[in-house]
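Quick notes on the structure that follows.
What you see is a predicted model; the values in this text were computed from it and never measured. Read the numbers this way: they start at 1 and go in the same order the structure lists the ligands and their atoms.
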Amino acid sequence: MAHSKALLVLENFIDGKFVPCSSYIDSYNPSTGDVYCRVPDSGKEEVEAAVKAARNAFPIWSSKSPLERSQILNKLADLIEHDLEAFAQAESKDQGKTIMFARTVDIPRAVHNFRFFASSILHHTTECTEMATMGCVHYTSRAPVGVAGLISPWNLPLYLLTWKIAPAIACGNTVVAKPSEMTSVTAWMMCKLLEKAGVPHGVVNVVFGTGAKAGEALVCHPDVPLISFTGSTLTAQRITEKSAPHCKRLSLELGGKNPAIVFDDADLTQCIPTTLRSSFANQGEICLCTSRIFVQRGIYSEFLKRFVAEAKKWKVGNPSDPTVDVGALISKEHLEKVRSYVKKAQAEGARVLCGEGVDSLALPTGNQKGYFMLPTVIAEVKDESCCMQEEIFGPVTCVVAFDTEEEVIERANSVKYGLAATVWSSNVGRVHRVAQRLQSGLVWTNCWLVRDLNLPFGGMKASGIGREGAKDSYEFFTEVKTITIKH
Ligand code: NAD
C-alpha cells in the first residue's frame, strides 16, 4: 500500500533500548481508514532477545524489596499521568475510541493500575499454622516466578496491558509483553518513560507483532513459565494447546455474552442510561458489555420505547470530537463481522429497532472511510439465535421479554460464556437470589462497571480461567512454598 504522509514507526523495547525490526506491519487509523503507523512484525528472534533480557534482569529485580519496587511503580504512574492528554489522544487515534473515553477511562485506569499494585504489594501477608503435638510450625513463603509473558487485546490497550504489567513487576517478576498488533502505540509510549521511572533495563520488554508470530513465540518459549492472556476464547484454546507441553501457568481473561436482567420493579431512570452505557460504551467493544437484555413482560414495551429513543441520541462520529459518544470500530473486518450479525438477526425474523440498516449515518468529510456504525437495538430475537449466543463485540444489543425469575435465570445461563451480568430490581432478596444463581464471574446489581480492584475479576465457563485482582494477581504472579520448622 502507498503511504502518502510520514508514518509513525514503532520499535521493540528490549533490555532498556528501542530496537528496530527487520519487517513491519501496517496499522490503521480506524476513524479514517488510513495507514498511519508501522508496527514491528516480530517473531522468534525478537522474542528470544526479549526473554534473554528479562531473564538477566530477574535476579536483581526480584531481590529488591517490595517498597523499592512500589516506589518505582508510583513514579511510573506519575509520569503517565503527567502525559495523560498525549496518551489519550494516541489511544483514541490508534483504537478509534472517543477521546472522552480515553481521557476519562483508559488512561486514568492505566495510571491507577500502577498506583494500586504499588500499594497492594506492601500489604500481603503469608500463612502460618502451628502443630503443637508435633512440635512444628508451618508457614508459607511467596516468591516471584520468573519471566512473565503478557498478551493483551485491542479494545482497552494500555488499560489492560498495565493491569498485567503492574502486578507482574510489583511481585518481582520481569516481563515480556506483546500488545495487540492493532493497538501498539501507547505501549510504545509507555516504554519511553520506563528509564525515567527507574525501571531497570530488562525488567519490562515489549515486542510488537502478530499473535501468530510474536504471540506464539512467547507462548512456546521454554523460559517463560507463566502467561497472562486477555483476548478471545478461540485464541485462549490455541494458547492452552501450545503451552501444554511446558505445563505453563495460565491466566485467561476471555470473551462474554453478558446479560442484563431488568425486573418490573427496577428504577428505569437509572437502569436505562446505565444499560445504554453497558451496551454501547467504547463502541460495545468491552468484554463486560451487555448484549442480551431480558426485560420482565410488564415493563417490556415501556423499556423498549425509552431505550430505543435514548439510543438514537448517541452521537457517532469523529472520535476526537469531545461531543461524540461512539467512535470507530477497530477494523474494517471487525465492522463487517458486527454488521453481519444484524443481517443474520433480520433474516431470522428479528426486528431491528434502530441503528444499522434502519437509520442513516452522517459522517464528517474526513471520516467517510472510517469504520463507524450506529448503536443498534434488536428485539424479538430467539434465544438460540447466534446474536443471543455469540460474542458480537460491537454496538449491538438484543432486548427480549421474560415472565418469571426462574425462567430468566435459566435463559441468562444458557450460553457458553459466564463473564459479567447485571440485575436491576429494588427487591434486595431477589437481587441476592438471582446473583447467587447466575453463572457469571461478576454480577452487578443496579449498576455496571463499578470496580474494586481488590476483589477477583474474571469469568466462568468459556469466559476464562483464573482471576485477577489484588490477592488473585499476587497469587498468580508468585510461587508459593510451604515450609515446616520442627523444634
Ligand atoms: P484476540 O484473541 O484475537 O487477540 C488478543 C491478543 O492475543 C492479541 O495481542 C493477539 O495478537 C494475540 N494472539 C492472537 N493469536 C495468538 C496466538 N496464537 N498465540 C499468542 N497470542 C495470540 O482478541 P482481540 O480480538 O484482540 O480482543 C477481543 C477479545 O478479547 C474479545 O473476545 C473480548 O471479549 C476479549 N476481552 C476479554 C477481557 C476480559 O478481561 N475477560 C477484556 C478485554 C477483551
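- Protein heavy atom in closest approach to atom 22 (C) of ligand 1: Gly211 CA, 3.3 Å.
- Salt bridge absent: Lys315 and Asp325 never bring a charged side-chain N and a carboxylate O closer than 4.0 Å.
- Not one N or O of Ser463 is nearer than 3.5 Å to an N or O of ligand 1, by distance alone.
- Between the Asp472 side chain and the Phe457 main chain, no donor and acceptor come within less than 3.5 Å of each other.
- Each of the atoms 32 (O), 34 (O) of ligand 1 lies under 4.0 Å from some heavy atom of Gly255.
- Near Lys178, meaning under 4.0 Å from any of its heavy atoms, are these atoms of ligand 1: 9 (O), 10 (C), 11 (O).
- Residues that satisfy the side-chain contact (heavy atoms from CB on, under 4.5 Å) test with His201, not counting sequence neighbours, are Asp15, Glu195.
- The shortest N or O to N or O distance between Val219 and ligand 1 is not below 3.5 Å.
- Between Lys17 and Glu11 there is no salt bridge, since no side-chain nitrogen of the basic residue lies less than 4.0 Å from a carboxylate oxygen of the acidic one.
- The side chain of Glu391, and not its backbone, has at least one atom closer than 4.0 Å to an atom of ligand 1 (non-hydrogen atoms only; side chain from C-beta on).
- More than 12 heavy-atom neighbours from other residues, nucleotides or ligands sit within 6.0 angstrom of CZ on Arg467.
- Leu254 O, 2.7 Å is the protein heavy atom nearest to atom 41 (N) of ligand 1.
- When each atom of ligand 1 is checked for a heavy atom of Leu160 under 4.0 Å away, the hits are 42 (C), 43 (C).
- With ligand atoms numbered from 1 in the order given, ligand 1 contributes 5 (C), 36 (N), 37 (C), 38 (C), 39 (C), 40 (O), 42 (C), 43 (C), 44 (C) to contacts under 4.0 Å with heavy atoms of Thr230.
- Close approach of ligand 1 to Pro179 (heavy-atom distance below 4.0 Å) involves ligand atoms 9 (O).
- Within the 4.0 Å heavy-atom shell around ligand 1 one does not find Gly458.
- With hydrogens and angles left out, the side-chain atoms of Glu348 and Ser385 include a donor and acceptor closer than 3.5 Å.
- In terms of heavy atoms, Ala214 sits closest to Phe208 at CB-O, 4.3 Å.
- When each atom of ligand 1 is checked for a heavy atom of Phe229 under 4.0 Å away, the hits are 2 (O), 5 (C), 6 (C), 7 (O).
- When the heavy-atom distances from atom 11 (O) of ligand 1 to Glu285, Glu181, Glu253 are ranked, the shortest goes to Glu181.
- Here is the list of ligand 1 atoms found below 4.0 Å of a heavy atom in Asn155: 43 (C), 44 (C).
- Summary of contacts: the protein heavy atom closest to atom 36 (N) of ligand 1 is Cys287 CB, 3.6 Å.
- Protein heavy atom in closest approach to atom 25 (O) of ligand 1: Trp154 NE1, 2.8 Å.
- Side chain of Thr397 to backbone of Pro395: no donor-acceptor contact under 3.5 angstrom is found.
- Scanning the protein heavy atoms around atom 15 (N) of ligand 1, the nearest turns out to be Thr235 CG2, 3.3 Å.
- Of the N and O atoms on the side chains of Asn12 and Ser42, at least one donor lies less than 3.5 Å from an acceptor on the other residue.
- Ligand 1 places these atoms under 4.0 Å from at least one heavy atom of Arg238: 18 (N).
- For the 3.5 Å distance criterion, the side chains of Thr275 and Ser278 fail to qualify, holding no donor opposite an acceptor.
- Between atom 29 (C) of ligand 1 and the options Ala217, Gly231, Pro157, the minimum heavy-atom separation is to Gly231.
- Of the listed residues (Gly215, Gly441, Gly256, Ala177), the one carrying the non-hydrogen atom nearest atom 21 (N) of ligand 1 is Gly215.
- Atom CD of Gln368 sits in a crowded spot, with more than 12 heavy atoms from other residues, nucleotides or ligands closer than 6.0 Å.
- With hydrogens and angles disregarded, a donor-acceptor distance shorter than 3.5 Å links the side chain of Ser440 to the backbone of Leu419.
- Phe457 CE2, 3.3 Å is the protein heavy atom nearest to atom 40 (O) of ligand 1.
- The environment of NZ in Lys461 is crowded: more than 12 heavy-atom neighbours from other residues, nucleotides or ligands sit within 6.0 Å.
- The proximity of Leu218 to ligand 1, defined as any non-hydrogen pair under 4.0 Å, does not occur for either the backbone or the side chain.
- Under the 4.0 angstrom criterion for non-hydrogen atoms, Ser152 is in contact with ligand 1.
- At the top of the distance list for atom 28 (C) of ligand 1, counting protein heavy atoms only, stands Phe393 CE2, 3.6 Å.
- Counting heavy-atom neighbours within 6.0 Å of Leu193 CG, excluding the residue itself, gives a total above 12.
- Protein heavy atom nearest atom 23 (O) of ligand 1, with residue, atom name and distance: Ser232 N, 3.4 Å.
- Residue pairs meeting the side-chain hydrogen bond (donor to acceptor under 3.5 Å, both in side chains) criterion with at least one member in residues 103-117, sequence neighbours excluded: Asp78-Arg115, Glu81-Arg115, Glu85-Arg103, Lys97-Asp106, Arg109-Asn113, Arg109-Tyr159, Asn113-Thr162.
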